Amino acid sequence: MRKPTLEELRTRVHGQTIAARDEAYEAARKVYNGMIDRRPRVIVRCTDVTDVMASVEFAREQGLDLSVRGGSHSVPGFGTNDGGVVIDLAQMNGVRVDPQARTVRAEGGCTWGGFNHATYAFGLATTGGIIASTGIAGLTLGGGIGYLSRAFGLTCDNLISADVVTADGRFLVASKKENEDLFWALRGGGGNFGVVTSFEYQLHPVKDIVAGLFFFPVARARDVLEFYREFIETAPEELGMFPAFQIAPPLPFIPEGEHGKTFSILVCCWTGKPDSAEKVFAPIRNVAPIVAEMVAPMPYPVINGMFDPLLPAGLQHYWKADFATRLTDGAIKAHLEYGPKVPVVSSTMHIYPINGACNRVAADATAFAYRDAKFATVIAGMWPDPADNEKNIKWVKDYYHAVHPNSLAGGYVNFMAGDDQDRIRDNYKGNYDRLVAIKRTYDPANLFHMNQNIKP
Ligand SMILES: Cc1cc2nc3c(=O)[nH]c(=O)nc-3n(C[C@H](O)[C@H](O)[C@H](O)COP(=O)(O)OP(=O)(O)OC[C@H]3O[C@@H](n4cnc5c(N)ncnc54)[C@H](O)[C@@H]3O)c2cc1C
């Protein structure tokens, strides 16, 4: 069969096809992680499913690498490649809410900012990421952890169906009723199985929340972490919460003399009755002296966008991650050694709780296997200057090597580094073999390999 040429691809798609000779190329080839500097042969800014089908066929027939990009937040930069095809879905970002059924259909290029903006009008939300610019696609396909996970499960637990273009160019619907094996794999298996052009989710009544940010002296980090590990086990599930090490940015609620100093902090999002927030937050006030705090009612989309100004596109990123069933004394010791050394204001370490509703799903019900894990830890190195790469990567690696022996073998695929491909079997433990079998069915030639790759 004759291979389609780039010129033919241009005539087949409605969206822009951007190659090196085009003015838009320099901007279009960039991904969120500024460390990634790759030069694809063509970037297709798809506008509909037809564009996606044509791009998949072009990459397959030309034997080129294929990257699929939603929000572009992949830290290892899987959303681009050298010399291959990039399917950029950013322009496919429509959202349609069904307020009666409490469901929503959102296209694959949506970000959580766009998604929450659309669902907030109806007083509805589902579990999503803590940063507005993160894409719904990559996040959902890897699992999805956020403020609402304890109450409503992972993002993938709220997925009702997905429209998928597979490696052979077919358009399939995956749900509990159709292509059930594919639907199972999409809920945690990452971008290994096809291009998801739209997602349908269950929504829940969430509108205005009460946020709480508490800054404690870093010298009291042990008290904060020991408090958190006990408190979060039994705290009401309407409480989303995580501890972090954080250099104080120059924000009005932080006394000026404290700006630039490192703190042990707790970030809280209360989705229960607003007037019970104070009662729920009360034990936090006894943990240690509070240097700065911000407790305020706000629309849910506001907390979702709260940290975005700290994290503009183009920072250098290097992350490492683990799951844990318990925050052991050994883990806390490691956090106390490396957390206070967080090098820059944008870098951090978060320990997300994945108990509550996340744990009520069976380990083999979706591809996301760690239903016994209580915590997802991420050491997120994010800094502006490439000249500081060595120093910052060393901080992440040293920190990770200290925490990892206190953790489970696998970690959350969406927080994994590019050098973590040897952990893939561990990341899926008992579900790995079934994922391989489904990969063989839907992508036997491994066209979709720019990801934490499940090899057919
Ligand atoms: C600043 C920041 C904050 C984050 N916060 C959270 C958080 O709160 N919770 C959380 O769970 N994770 C979080 N993450 C991790 C995030 O889930 C992953 O980076 C995820 O891959 C981002 O998805 P994306 O669509 O933005 O990325 P992209 O780079 O666009 O995509 C990542 C990968 O997903 C696959 N993919 C993307 N779109 C599609 C599609 N339509 N069809 C098939 N495959 C596709 C591809 O394999 C692609 O390489 C965060 C990451 C960053 C950088």
Side-chain angles (χ1 to χ4, degrees), residues 30-34 36 46 49 52 56 65-81 86-90 92-93 106-113 115 127-149 154-156 162-167 174 182 185-186 188-199 240 242 267 269 303-304 307-308 310-319 321 346-348 350 352 354 358 368 376 378 380-382 412-418 442-443 447-454:
K30 287 199 171 85
V31 290
Y32 181 76
N33 182 355
I36 309 294
C46 295
V49 173
V52 173
V56 166
D65 283 340
L66 175 62
S67 295
V68 183
R69 191 192 292 174
S72 186
H73 269 211
S74 160
V75 170
F78 291 134
T80 186
N81 59 57
V86 172
I87 290 181
D88 182 343
L89 297 171
M92 290 174 62
N93 59 7
E107 287 185 294
C110 251
T111 59
W112 286 106
F115 183 98
T127 306
I130 65 157
I131 300 292
S133 59
T134 305
I136 64 163
L139 183 137
T140 303
L141 295 170
I145 297 169
Y147 292 115
L148 309 183
S149 328
L154 302 171
T155 310
C156 71
D163 289 351
V164 190
V165 175
T166 48
L182 179 59
L186 291 177
N192 275 282
F193 303 94
V195 185
V196 179
T197 52
S198 84
F199 297 82
F242 60 88
V267 179
C269 170
I303 195 169
N304 179 230
F307 297 108
D308 280 56
L310 273 182
L311 302 171
L315 294 178
Q316 310 287 300
H317 286 253
Y318 183 78
W319 296 22
S346 33
S347 285
T348 191
H350 292 173
Y352 298 109
I354 47 168
C358 307
F368 188 98
V378 62
M382 306 181 268
Y412 177 36
V413 281
N414 276 349
F415 292 159
M416 291 277 136
Y442 291 95
D443 186 18
L447 179 66
F448 299 106
H449 62 270
M450 297 299 299
N451 43 45
Q452 298 291 350
N453 194 225
I454 295 161

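Just follow the structure's listing: the first ligand is 1, and inside any ligand the first atom is 1. Bear in mind that the values here come from a model prediction, so they are computed numbers and not experimental data.
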Intermediate values then yes/no, side-chain contact (heavy atoms from CB on, under 4.5 Å), Tyr352 and Ser149: CA-CA 9 Å; Tyr352 298 109; Ser149 328; over 6 Å; no
Side-chain (Asn93) to main-chain (Glu107) donor-acceptor, under 3.5 angstrom: no
Atom-level proximity to ligand 1, residues with heavy atom under 4.0 Å: Tyr32, Val68, Arg69, Gly70, Gly71, Ser72, His73, Ser74, Phe78, Gly79, Leu89, Gly129, Ile130, Ile131, Thr134, Gly135, Ala137, Gly138, Leu139, Leu141, Gly144, Ile145, Gly191, Gly194, Val195, Val196, Trp319, Tyr412, Asn414, Phe415, Met450, Asn451
Side chain Asp443, main chain Phe448, donor-acceptor under 3.5 Å: yes
Backbone N/O of Ser133 and side chain of Asp308: donor-acceptor pair under 3.5 Å: yes
Distance-only donor-acceptor check, side chains Asp163 and Thr197, under 3.5 Å: no
Distance (rounded to the nearest 0.5 Å) between His317 NE2 and Ser346 OG: 8.0 Å
